[in-house]
There are 2 protein chains.
Amino acid sequence: MAADHQNHPAAPTITEVAAAAGVGRATVARTLGNYGSVSEATRAKVMRAAEKLGYQPNTLARSMTTGVTKTLGIVLADVANPFFSGVLKGISETAKSAGYDAIILSTDEKLELERDAIAVLLAKQVDGLVVASAAGRSDDVSHLSNAMDRGTPVVLIDRLVDKLETDSVVIDNREAARSAVASLIQHGHRRIAFAWGPVTLSPATDLKQMHSILDEALWSDGERLRGYLDALEEAGIPFDTALITHVLKNEGQATRAVSGMLALADPPTAIFTTETEATVGALHSLRAKNLRVLKDVSLIGFDDSPWAAVMEPPLTMIQQPMRQMGVVASQQLIARIDGDTSAPKKHVLPSQLVARSSDGPVRAARGN
Amino acid sequence: MAADHQNHPAAPTITEVAAAAGVGRATVARTLGNYGSVSEATRAKVMRAAEKLGYQPNTLARSMTTGVTKTLGIVLADVANPFFSGVLKGISETAKSAGYDAIILSTDEKLELERDAIAVLLAKQVDGLVVASAAGRSDDVSHLSNAMDRGTPVVLIDRLVDKLETDSVVIDNREAARSAVASLIQHGHRRIAFAWGPVTLSPATDLKQMHSILDEALWSDGERLRGYLDALEEAGIPFDTALITHVLKNEGQATRAVSGMLALADPPTAIFTTETEATVGALHSLRAKNLRVLKDVSLIGFDDSPWAAVMEPPLTMIQQPMRQMGVVASQQLIARIDGDTSAPKKHVLPSQLVARSSDGPVRAARGN
DNA sequence: CTGTTAGCGCTTTCAT
DNA sequence: ATGAAAGCGCTAACAG
């Protein structure tokens, strides 16, 4: 009783309520648990007794006997990332209105922490899992397949995992990236930076190597880079590895990588960023070089944020339906928990290019 | 067994491991639970059997008997708010490294949802609670005091609750606001907008009414407004209710309210915002009126964000030690769970005014 | 409609 | 060092 140092009265149980109400324990359970049938008279007695004792149910005990916890396990890469906290909102709301609670664990993009998280959640007997996996294409995902084998349904969100045949909720990252980059190309850009790409120790030097790197990458990273390559290919623009970051995913690294590109003899005239931190990093690089968005360098990036609209100029961004993704994922999960055994469903939600003013024609004149 | 529709093998229990290992259940429990003593020989046997069966502990059952869940309940106003997601990071890390898990619930600033959240968490038998309460000064907080009475420690974060004698982790909101506003005054500003204040139907028309509104407000709102008033008073500047928003807390409302102030005959020359959404709202108002930050209107606001540094000009912001607040809160909570019965502690962490370039001297010339 | 009796999977005396 | 048995708070048959 670690929490019971100051001689707090032990929480009253069903037994004590039964005694106080002068009825059997099962009757109390039926009344308070709201199942079976009880006469109005006894129900009232029980309620009064429960009220008086300040009875609070112990869901642990309930779950023990029913085998159901009415709890969803949510494993995300980073709750501080606006994308994921948006998703979370959709999940929490949906879960709550369906009578579920959600336990949220953040993995910081580390597969090892993801494994821990799944283990913890399974140990807590969650009824199902929503996970944005940190697993790359070649990583072992037995922690997820094991969960499924044990009968705990999992739905993937934001990132697919090749070897896992299960429900998923994603956007068409490849097409979203392709069309954004294509619009940059239409503005005349041919030197387009990509921040950021899959992390790798040895950057690709040709397309073939690039594709083999892609095969190892995190799904969404791979898709976005593929979309970028698609757009380049459509326009017959040769790709240049010097224009693709391969760095650790944080703002500082993005800043450094983009700064490097900007210092190239033939620097990019446009930048495509695949995540909020990369966008902020790119903006830092631009500032440092005294380059202005649009006027000097065009910019389009993934994941719209409230502040993007108040930048000068306002940023053109790809907006994902974060909340909706969370809603769909949890609905799908709950359907599985409720016994839906149909084939795995892949929900592809529409993303949207929110056109503002950070992208435009190439400017020859450059600051510096 | 809602989750067990597809004839999944039931998860092996301690009993089955015992059978497979040819030992008693208690021995298995001791081995797997890592307590008591077992000989190396049997320990090995048990481990092998457990491995082979893919045994996973059921922490629900464990918690049932021990009365301890090793779980912290976290109740926050809004996980999507960068401030809270920063706090969350600190909490998660600390909890994890102390062997605790965290269940996070978001209340959307609604007291009713907070009550539900606490009930859910208590029902799940969490060992302690960290809460950023949505309770105003006059609200009933029995849901929190009851939790404490039952022996579940609670530590407040970000917001104090008057009637609750318990641990807390906050910054000195009043002083942070005062000094920020004072620096604005030093730059010559006398018309300083405050966005946003406590929500109220009938805005105060004089200082006295203002103070009575303050007494009802959310603690942090009240403190920040007090700090603003302190600075004004120090400088002998009369306060003007027209310069204080009393609107619902969202970006749109902030935008509208600040736009109204900007349209005043005697508009503000500086704006002080108390939260990220208010800052973004104020920036929208400025854009709409074609007013530039610093050049036309100075701006200082609460809660630094990565993007604030890449705005043009970069924004001067009050930075709270979010992560650290989470760390301290969870450490304090865990200490209580571990039996610390000393007097309630109020941790006041230092905030910091990150000086950038959005604040400066009053400019007479105005756009429009 | 209501009470009694078994457990759920684990930990914890208490013997051995 | 190990096993047997009791019990955590609740629900789920099964009687009555």
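In what follows, chains are A, B, ... by sequence order, proteins preceding strands, each numbered from 1.
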| remark: Regarding the side chain of A/V38, the nearest nucleotide among C/dG3, C/dT2, D/dG7 is C/dT2

| field | Global bending angle along the helix from C/dC1-D/dG16 to C/dT16-D/dA1, which compares the axes of five pairs at either end, to 10 degrees | value | 40°

| task | Determine yes or no for a side-chain-to-main-chain donor-acceptor pair under 3.5 angstrom, with B/E109 supplying the side chain and B/A134 the backbone. | result | no

| query | Expressed in angstrom and rounded to an integer, what is the separation of B/E16 atom CD from C/dC8 atom P? | reply | 10 Å

| said: Determine whether a donor-acceptor pair (N or O, by modelled atom type, separation under 3.5 Å) exists between the side chain of B/D108 and the backbone of B/K110. | reply: no

| message | Quick test of your reading of the model: are B/K96 and B/D101 salt-bridged, counting only N-O distances below 4.0 Å? | response | no

| remark: Whole-Å distance, A/L53 CG to D/dG9 P, equals 14 Å

| Separation of atom OH in B/Y35 from atom P in D/dT2, rounded to whole Å | 13 Å

| Just how far, in rounded Å, is P of C/dT12 from CG of B/N34? | 13 Å

| task | Report the distance from atom NZ of A/K45 to atom C1' of C/dT2, rounded to the nearest whole Å. | result | 11 Å

| said: Side-chain N or O of B/Y55 versus OP1/OP2 of C/dC10: is the shortest distance under 4.0 Å? | reply: yes

| Strictly by modelled atom types, are A/K124 and B/T71 linked by a side-chain donor-acceptor pair under 3.5 Å? | yes

| A/R25 CZ to D/dG7 P: how many Å, rounded? | 12 Å

| Short side-chain N/O contact to D/dA1 OP1/OP2 from B/S37, under 4.0 Å | yes

| If you check the A/S39 side chain, which of D/dG9, C/dT2, C/dT12 turns out closest? | C/dT2

| Closest to side chain of B/A26, choosing from C/dG9, D/dT11, D/dA4 | D/dA4

| request: Decide whether A/E114 and A/S133 meet the rule of one side-chain donor and one side-chain acceptor closer than 3.5 Å. | output: yes

| query | Mapping B/R43 and B/A61 onto DNA chain D by nearest heavy atom, which one lands closer to the 5' end? | reply | B/R43

| remark: Looking only at D/dT2, D/dT11, C/dC10, the nucleotide nearest the B/T27 side chain is D/dT2

| message | Evaluate B/D127 against B/V68 for side chain to side chain contact (heavy atoms under 4.5 Å, CB included), listing each step before the verdict. | response | CA-CA 6 Å; B/D127 295 337; B/V68 166; 3.4 Å; yes

| request: Check every strand shown and say whether A/T59 touches a base, only sugar-phosphate, or nothing at a heavy-atom separation below 4.0 Å. | output: nothing

| request: Starting at atom CG of B/L32, determine the distance to atom P of C/dT11, rounded to an integer number of angstrom. | output: 8 Å

| For B/M64 and B/A41, take the nucleotide of DNA chain D holding the closest heavy atom to each; which residue's nucleotide lies nearer the 5' end? | B/A41

| message | Counting only side-chain heavy atoms from C-beta out, which of C/dT13, C/dC10, D/dT11 sits nearest to B/R30? | response | C/dT13

| query | Out of C/dC10, D/dC10, D/dG3, which nucleotide sits closest to the side chain of A/N58? | reply | D/dC10

| message | For C/dT2 and A/T42 - does any side-chain N or O of the residue sit under 4.0 Å from the phosphate oxygens OP1/OP2? | response | yes

| request: In plain terms, say whether A/R137 and A/D162 are close enough for a salt bridge, that is, a side-chain N and a carboxylate O under 4.0 Å apart. | output: yes

| Please give, in whole Å, the distance from C/dC10 C1' to A/K124 NZ? | 15 Å

| Side chain of B/I14: nearest nucleotide among C/dC10, D/dC14, D/dT2? | C/dC10

| query | Closer than 4.0 Å, any side-chain N/O of B/T65 to the OP1 or OP2 of D/dG7? | reply | no

| field | Lys/Arg N to Asp/Glu carboxylate O, A/K163 vs A/D140, below 4.0 Å | value | no

